[in-house]
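Have a look at the structure below, then the notes.
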Amino acid sequence: MTLDDARKRIESAVTQYGQHAAPVLDLVMNEVRSDMGAKAFNQLVEEFDLELEYNIAPLESDYSNS
């Protein structure tokens, strides 16, 4: 997955499910974390305000991918 793919999937989930998109977003964000690490994960959390809207918190570190 690329960052652009993740953005499209997040936008699609939010459009399709609105305030009920959290389960789908969790799946997308887990894939982002696995494929691209904490930096990309945190960038998307901030970009889409996922913490406030869907209770998806930023990651603290990227140790698992070093």
Side-chain angles (χ1 to χ4, degrees):
M1 174 185 301
T2 67
L3 208 51
D4 195 44
D5 291 337
R7 284 185 181 103
K8 289 176 185 172
R9 289 174 63 186
I10 290 168
E11 289 169 354
S12 176
V14 169
T15 299
Q16 186 171 356
Y17 299 107
Q19 65 183 4
H20 303 289
V24 176
L25 295 174
D26 280 337
L27 294 173
V28 173
M29 295 305 287
N30 284 334
E31 193 172 338
V32 167
R33 185 184 67 227
S34 175
D35 291 355
M36 293 180 276
K39 185 176 180 181
F41 183 99
N42 291 343
Q43 180 180 340
L44 291 171
V45 168
E46 184 176 325
E47 184 176 333
F48 289 95
D49 205 13
L50 298 179
E51 186 171 19
L52 181 62
E53 296 293 325
Y54 299 100
N55 203 30
I56 299 174
L59 301 174
E60 291 189 21
S61 66
D62 200 11
Y63 293 121
S64 63
N65 292 330
S66 53

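Quick caveat: nothing in here was measured; it's all calculated off a predicted structure.
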Path from Met1 to Phe41 over hydrophobic side-chain contacts below 4.5 Å: yes
Where do Gly18 and Tyr54 come nearest, in terms of heavy atoms and distance? O-OH, 2.9 Å
Contact list for residues 43-52, test salt bridge (charged side-chain N to carboxylate O under 4.0 Å, His left out), sequence neighbours left out: Arg7-Glu47
I'd like to check Leu59 versus Lys39 (side-chain heavy atoms, cut-off strictly below 4.5 Å). Are they in contact? no
Residue pairs fulfilling side chain to side chain donor-acceptor pair (under 3.5 Å) with at least one residue in residues 18-31, sequence neighbours excluded: Arg9-Glu31, Asn30-Arg33
Check side chain to side chain contact (heavy atoms under 4.5 Å, CB included) between Glu11 and all other residues, then give those that pass, not counting sequence neighbours. Phe48
Which atom names give the shortest non-hydrogen contact between Ala13 and Ala21, and what distance separates them? O-CB, 3.6 Å
What one should report as the nearest heavy-atom pair of Leu44 and Ala6 is CD1-CB, 3.7 Å
Nearest 0.5 Å, please: how far is CG in Asp5 from CG in Asp35? 10.0 Å
Mind checking the NZ-OG1 spacing from Lys8 to Thr15? Nearest 0.5 Å is all I need. 13.5 Å
Hydrophobic clusters here meaning ILVMFWY residues chained together by side-chain heavy-atom distances under 4.5 Å, can you tell me if Ile10 and Leu3 are in one? yes
